[in-house]
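This report refers to the structure that appears directly beneath it.
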Amino acid sequence: MKKEILTSSRTGDSCIHVKHSSGLDIYICEMNGFSSIEALIGTKYGSVNNIFKNAADSDYTTVPEGIAHFLEHKLFENEDCGVFELYAKTGASCNAFTSFDKTCYLFSCSKNYEENLKILLEFVQKPYFTKENVDKEMGIIGQEIKMTNDNPEWRVFFNMLRGMYHAHPIKIDIAGTVESIAQIDADLLYKCYDSFYNLNNMVLSIAGNISADKVLEICDKYLKPSADKGLETVFPEEPAGIVTSEVAEKLPVGSSIFHFGYKCTPSEGAQRLKDVAAASTAAALLTDPALPMCERLLKEETINSTFDGEVFYGSDYFTVFFAGESDRPHEVKKALIAEIDRLITEGIREKDFQRIKKTAYGVMIRGLNNVEAVANLMLSAHMDGTGPYDAIEVLSDLTCADVIDYMRRELRPDRSVLSVIEKEA
Amino acid sequence: MIYKRSELGDNIGFTTIIDEKFKTCSLAVFFLTELSDDTAAVNTLATSILSTSSSRYRSYAALTEKLSELYGAGLGSAARKKGNAQILSLKASWLDSRYAIDGEDIGGEMRELFKDCLFSPNAENGAFDEDSFAIAKKDLLDRIDSELNQKRGYALSQAAKIAYRGEPAECTGYGSKEAALSATPEDAFRAYCELMKTAQIEIYYVTPREDDSFAEMFRSSFGSTERCPKAVKVRDHSPLKPEVETFSEEFDVSQCKAVMAFKTDSDDIYALKMLSLIYGELPFSKLFLNVREKMSLCYYCTSHSVSAKGSFFVDCGVERSNIEKAKAEIMAQLEEIKQGNITDMEMEGSLMALDNAVLQVGDTPSSYIGWYFDCFCDGETITPEEHFRRFTEVTRERIVEAAKSLKPDSIYLMLNKEVKG
């Protein structure tokens, strides 16, 4: 077992990272004065990981869309009882989520964390899939899919991704479709579980009112050593260009919404951290109500205060997008393209750049003020191949030139997609 | 943690919570006033403008620029309802000055900025600045229009409108589209003056260290404000309809929504909350285990008690063809509780969940503010521990009585369009 203390030189915050002998990476942050405890165990397995092989496999396995999410639902049942029943006895609030590139199981509590951690470690290592319990889940997940289908924010986002990506599975809904999940059976779930729920592919993150020694003692007792199976995931080859520059759909909504995004070059690890810092700063500048473009659009009532920018990235995908409510989304697109062009040509005022950096710094410090946010930060950073405090360091080194360079390279009009959800007549 | 509350003036409470673990400071000013369709929208506009400009920072751009210089300090407003009251708030949060890289006095600057926003708004000749008003008005109108974008929230909002028809609570917490459309900068400024004069005002300041400067600023500023506060009755039981009313709307949606509203004459708020936990709030509640897990009818089927209105709601997303089946099972599970079929696990698990939840009060500045303001609205300030102790005294018999007190009142259905052959 290898143990190291990670410290932020800027804030003084620290946490412990352990490479456990079972293969699991463990992050622990003792937070004095807080009552609650937040723990997540996550696997690098999300909706995009549909083609994979282990070192011993002769060929790649392709599985139906939505299976990672389906597996997440089913892991909550073990042979004797449901996991919720176990947590009912401790009072913890437990949950799980599947994203594009990870699946996480979590609990939040203020008492009995030792017992809650034991339950968490045990159930994620003990799958129980049968034809009956798989069939039963079809109706429930079918309703979840229909619920998200009715969510216009979800639709406008996926329509944008479908406009950007030709082949990458990022464009596919996390839960799959009613048709795709109908192909899932217990054997396929075991195949995915055995490949992705290997402790070498997973991370435990726990923060709050805890003792690191106690956490490690529980891990020693309940983690079953895993041999690294040499898991390999692949993605279809994705061209740099987009599929289409505009996607529009009519839905029963009260106000029209849009996403305008740029397909950017994906990156990994430390380079991705730099790209995220530059892209986030660009997005913040372009949505800053203190700057003339945004001020003008607000005054003309082209946008309202929901207008915002976001950076969205993961395995082999990276986008910067702008979202909001507007009856004139084409004007927003035109304004953004012109403003990016102006900033590249004229540069960014140092004063504005420093303000945006200060804001980003403030957001990061605030995150360290919150047990749930700290647990999520440690897990996400590990999955991104970085340390929990690296982003603060990268931000402090970021220059105006980095941001302009990023905009010039990546925010290209020919790689932009406008997705609009319009009101039905 | 140190908790201190003092009266700064007529119905103006100031609470300081000192907790050294925080890296941030938070400030919230709440205005409690009667909920009415005539005033809800202009009140919302008035508080919204206070968070977008001031006499010193005369535009949203100027104010945003200043806030970002202060490490992205937050300033915002909100409007909601509780029972028959409208609750408007102006809130701010900022990094504690010890994290300022350039040694700025962030707290001191925020105190002056907040003071300016609240006491010296961007107004002249009895009207708010037109540009600031226009931004706030568009935001409010868009918010009202976008209710339908979130189908579950829209269904619950419609169900409340039907259940509370003819009562103040029929109105949303931020007002109607018609009232927002007709509002002027003069109307909004009059609403601001009226709130400062007549609303019950509660202020909360969460800080990592002793700091009286905010209390002094409010005491001094309110000292020159004319006050004539009006009492607000938050709790008011909603009358049961003579016959169960069903209201349905059709949309082009994939999933239908059903919201069942019940009314109760019970004032046993602790038993009603325990009932809701056992019935439908937790992943081992009866609705989850039966409507979702056993019958696979829904992804969500939950309940919640609205004690201020003596009402209780169950909502779910379901196939059109399964609505009646879901409704029947929802009623059957309520009947189970009425018959006293409550297991030890359901009782103990619900209490454990409450215990864990109340102990987490104080882990974020907003949880402190939320806790003590809810206590204020309920007319009794108690600790989270005392709150939990009262739940431990709830017996099965009290839960059964609470279940028996629920009477069906109305049903809201969001239906998908049927394909006609």
Side-chain angles (χ1 to χ4, degrees), chain A residues 11 31-36 82 84-85 87-94 108-111 136-141 143-144 146-147 149-153 251-255 257 288-291 295 298-299 301 304-306 325 355-356 358-363 365-366 368-371 424, chain B residues 19-24 59-62 64-65 68-73 95 99 101 131 134-135 138-139 142 144-152 251-255 282-284 288 292-293 296-300 317-319 345 348-349 351-357 359-360 362-364:
Chain A
T11 67
M31 295 175 72
N32 292 334
F34 290 85
S35 303
S36 55
F84 290 124
E85 213 174 303
Y87 279 119
K89 292 174 186 159
T90 70
S93 163
C94 66
S108 168
C109 68
S110 47
K111 278 186 172 176
K136 183 209 82 176
E137 209 66 23
M138 296 286 177
I140 298 169
I141 297 180
Q143 283 305 310
E144 188 179 0
K146 290 192 171 189
M147 184 178 77
N149 272 346
D150 287 336
N151 181 346
E153 296 289 345
L251 286 177
V253 291
S255 59
I257 55 174
D288 184 6
L291 293 180
E295 190 182 16
L298 277 165
K299 198 168 178 177
E301 302 192 354
N304 60 22
S305 64
T306 61
E325 295 170 358
R355 275 194 305 110
I356 298 297
K358 275 187 173 180
T359 298
Y361 169 79
V363 168
I365 302 291
R366 282 159 194 255
L368 299 173
N369 209 23
N370 181 301
V371 170
E424 284 177 334
Chain B
D19 193 330
E20 63 182 19
K21 68 175 177 271
F22 292 131
K23 302 176 196 292
T24 57
S59 68
Y60 186 37
T64 306
E65 183 173 2
S68 59
E69 281 168 3
L70 296 173
Y71 298 85
L95 277 193
Y99 291 101
I101 296 169
D131 286 347
I135 290 174
K138 175 162 172 59
D139 266 355
D142 286 350
I144 293 167
D145 280 343
S146 66
E147 279 174 2
L148 181 60
N149 292 16
Q150 302 306 322
K151 303 294 181 287
R152 186 179 179 184
F251 294 100
D252 186 11
V253 290
S254 304
Q255 185 187 65
L282 297 165
F284 51 87
F288 185 91
R292 173 180 149 138
E293 292 295 302
S296 299
L297 291 175
C298 303
Y299 173 65
Y300 73 89
V318 62
E319 288 288 313
M345 191 278 276
E348 287 158 18
L351 277 174
M352 294 283 271
L354 280 167
D355 192 16
N356 264 281
L359 280 172
Q360 290 180 31
D363 266 9
T364 58

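Remember, predicted model here, so these are calculated numbers, not experimental data. Sequence lines set the chain letters: A, B, ... in the order given, protein chains first and strands last, and positions in each chain run from 1.
Checked against a 6.0 Å centroid threshold, the rings of B:Tyr99 and A:Tyr361 do not count as neighbours.
Panel note: side chain A:Lys146, backbone B:Gln255; no donor-acceptor pair is recorded below 3.5 Å. Judged by distance alone, with hydrogens and angles left aside, the side-chain atoms of B:Asn356 form a donor-acceptor pair with the main-chain N or O of A:Ser110 at under 3.5 Å. Under the 3.5 Å distance criterion, the side-chain polar atoms of B:Asp363 are left unmatched by any main-chain donor or acceptor of A:Phe34. In this structure, the side chain of B:Asp139 engages the main chain of A:Ser305 through a donor-acceptor pair within 3.5 Å.
Judged purely by distance below 3.5 Å, without hydrogens or angles, the side chains of B:Asp142 and A:Ser255 never pair a donor atom with an acceptor atom. Side chain to side chain, B:Tyr299 and A:Glu144 meet the donor-acceptor criterion of an N or O pair below 3.5 Å.
For chain B, the option among A:Gly254, A:Gly362, A:Ala92, A:Gly82 with the highest count of heavy-atom pairs below 4.5 Å is A:Gly254. Your options are B:Ala353, B:Gly349, B:Ser68, and the one with the most heavy-atom pairs under 4.5 Å with chain A is B:Ser68. Most heavy-atom pairs under 4.5 Å with chain A, from the set B:Ala357, B:Ser296, B:Gly362: that is B:Ser296. Of the listed residues (A:Lys89, A:Met147, A:Met138, A:Glu137), the greatest number of heavy-atom pairs within a distance under 4.5 Å of chain B belongs to A:Met147. Ranked by heavy-atom pairs under 4.5 Å with chain B, the list A:Met31, A:Arg366, A:Glu424, A:Glu325 is led by A:Arg366. When B:Thr24, B:Leu282, B:Thr364 are compared by the number of non-hydrogen pairs under 4.5 Å with chain A, B:Thr24 comes out ahead. Considering only heavy-atom pairs separated by less than 4.5 Å from chain B, the leading option among A:Pro289, A:Gly33, A:Gly139 is A:Pro289.
Between B:Glu319 and A:Gln143 the shortest side-chain heavy-atom distance falls below 4.5 Å. When side chains are defined from C-beta on, A:Glu295 counts as touching B:Ser59, because their heavy atoms get closer than 4.5 Å. Contact annotation: the side chain of A:Ser36 approaches that of B:Gln360 to within less than 4.5 Å [non-hydrogen atoms, C-beta and beyond]. A 4.5 Å side-chain heavy-atom check between A:Glu153 and B:Gln150 finds at least one atom pair inside the cut-off. For the pair B:Lys151 and A:Pro252, the minimum side-chain heavy-atom distance is below 4.5 Å. Side-chain contact check for A:Val253 versus B:Leu148: every heavy-atom pair is 4.5 Å or farther apart. In this structure, B:Lys23 and A:Leu368 have side chains that are in contact, with non-hydrogen atoms separated by less than 4.5 Å. Contact annotation: the side chain of B:Glu293 approaches that of A:Lys136 to within less than 4.5 Å [non-hydrogen atoms, C-beta and beyond].
Neither the backbone nor the side chain of A:Ala360 comes within contact range of chain B; no heavy atoms are under 4.5 Å apart. Contacts of B:Glu20 with chain A are absent, with no heavy-atom separation under 4.5 Å from either backbone or side chain. Both the backbone and the side chain of B:Ala134 come within contact range of chain A, judged by heavy atoms closer than 4.5 Å. Residue contact with chain B, scored on non-hydrogen atoms closer than 4.5 Å, involves the backbone of A:Asn32 exclusively.
Rounding to the nearest 0.5 Å gives a distance of 7.0 Å between NZ of A:Lys358 and CD of B:Glu69. Within the model, atoms CG of B:Leu70 and CZ of A:Arg355 stand 11.0 Å from one another, a figure rounded to the nearest 0.5 Å. Rounding to the nearest 0.5 angstrom, the gap separating the OH atom in B:Tyr71 from the OG1 atom in A:Thr359 is 10.0 Å. Rounding to the nearest 0.5 Å gives a distance of 9.5 Å between SG of B:Cys298 and CD1 of A:Ile140. Separation of atoms CG (B:Leu359) and NZ (A:Lys111) is listed at 5.5 Å; rounding is to 0.5 Å.
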Self-check item: Audit row: A:Leu251, B:Asp252, side chain to side chain contact (heavy atoms under 4.5 Å, CB included) steps and yes/no
Solution: CA-CA 7 Å; A:Leu251 286 177; B:Asp252 186 11; 5.9 Å; no

Walk me through whether A:Tyr87 and B:Phe284 qualify under side chain to side chain contact (heavy atoms under 4.5 Å, CB included).
CA-CA 9 Å; A:Tyr87 279 119; B:Phe284 51 87; over 6 Å; no

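Residues B:Met345 and A:Ala88 share a closest heavy-atom pair of SD-CB, 3.7 Å.
Atom NZ of A:Lys299 has 12 or fewer neighbouring heavy atoms from other residues, nucleotides or ligands inside a 6.0 Å radius.
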